[in-house]
Amino acid sequence: MATVNLPPKSRIEWSKLISGEIEHKFKNYVLQIRIYQMRKDISLGKMTLLTAVDQLYEICCKYSLAVQADCKEIFKTW
């Protein structure tokens, strides 16, 4: 399996992205839509922030090349 070049899941930026504390204009539209849906699910009590971070990280691992530009802007270095 290829090495995934993503910031560690422990980075605070993951949860700040979902909570809306970090405002970011996404290049990856699917990522933008998914985060919006996660925010909605959390507000409705369908999902916890921790679960959302896990799911977001899994999505980014699966599509790591497609999300690289956004990750570099959000996380800067890792």
Side-chain angles (χ1 to χ4, degrees):
M1 193 169 153
T3 306
V4 177
N5 188 16
L6 286 176
K9 191 166 44 169
S10 58
R11 292 276 299 260
I12 192 71
E13 291 94 328
W14 292 109
S15 58
K16 286 187 173 187
L17 266 176
I18 296 167
S19 70
E21 287 179 68
I22 293 178
E23 283 297 322
H24 176 70
K25 181 89 172 108
F26 288 92
K27 291 172 176 54
N28 185 301
Y29 183 69
V30 174
L31 202 55
Q32 179 181 332
I33 294 300
R34 192 63 194 106
I35 289 174
Y36 171 78
Q37 185 62 50
M38 287 174 176
R39 287 178 186 166
K40 204 167 143 185
D41 288 348
I42 290 168
S43 70
L44 294 171
K46 293 181 178 179
M47 170 186 290
T48 64
L49 180 59
L50 199 58
T51 303
V53 169
D54 285 343
Q55 286 185 12
L56 178 60
Y57 193 78
E58 284 175 29
I59 292 165
C60 289
C61 284
K62 190 172 182 179
Y63 303 104
S64 60
L65 288 177
V67 301
Q68 278 301 305
D70 286 312
C71 283
K72 284 178 181 164
E73 266 187 50
I74 296 162
F75 294 91
K76 310 293 186 244
T77 60
W78 61 87

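Atom set for the values below is all heavy atoms of this structure, side chains included, hydrogens, waters and symmetry mates excluded. Here the structure is a predicted model, which means the values were calculated and not measured.
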Grouping I, L, V, M, F, W and Y whenever their side-chain heavy atoms are under 4.5 Å apart, do [X] and [Y] come out in a common cluster?
X	Y	answer
Trp14	Ile22	yes
Met47	Tyr36	no
Tyr63	Val30	no

(message) Consider side-chain contact (heavy atoms from CB on, under 4.5 Å). Of Leu49, Val53, Ile33, Ile59, which one does Met38 pass it with?
(response) Ile59

Looking at [atom1] of [X] and [atom2] of [Y], how far apart are the two atoms once the value is rounded to the nearest 0.5 Å?
X	Y	atom1	atom2	value
Glu58	Lys62	CD	NZ	9.5 Å
Glu13	Trp78	CD	CH2	10.0 Å
Ile42	Gln37	CD1	CD	10.5 Å
Ser19	Ile35	OG	CD1	10.5 Å
Leu17	Leu56	CG	CG	6.5 Å
Cys61	Asn5	SG	CG	10.5 Å

(message) Contact between Leu6 and Val67 at the side-chain level, heavy atoms closer than 4.5 Å - yes or no?
(response) yes

(message) Could you tell me if the side chain of Gln55 sits less than 4.5 Å from the side chain of Thr51, heavy atoms only?
(response) yes

(request) Please check if the side chain of Asp70 supplies one atom and the backbone of Asn28 the other of a donor-acceptor pair under 3.5 Å. (result) yes

(request) Check whether any side-chain N or O of Asp41 sits under 3.5 Å from a backbone N or O of Lys46 as a donor-acceptor pair, and report yes or no. (result) no

(request) Heavy atoms only: give me the nearest Leu31-Cys60 pair and the separation to one decimal. (result) CD1-SG, 3.9 Å

(message) I need the minimum non-hydrogen distance between Lys27 and Ala69, along with the two atoms involved.
(response) CD-CB, 3.6 Å

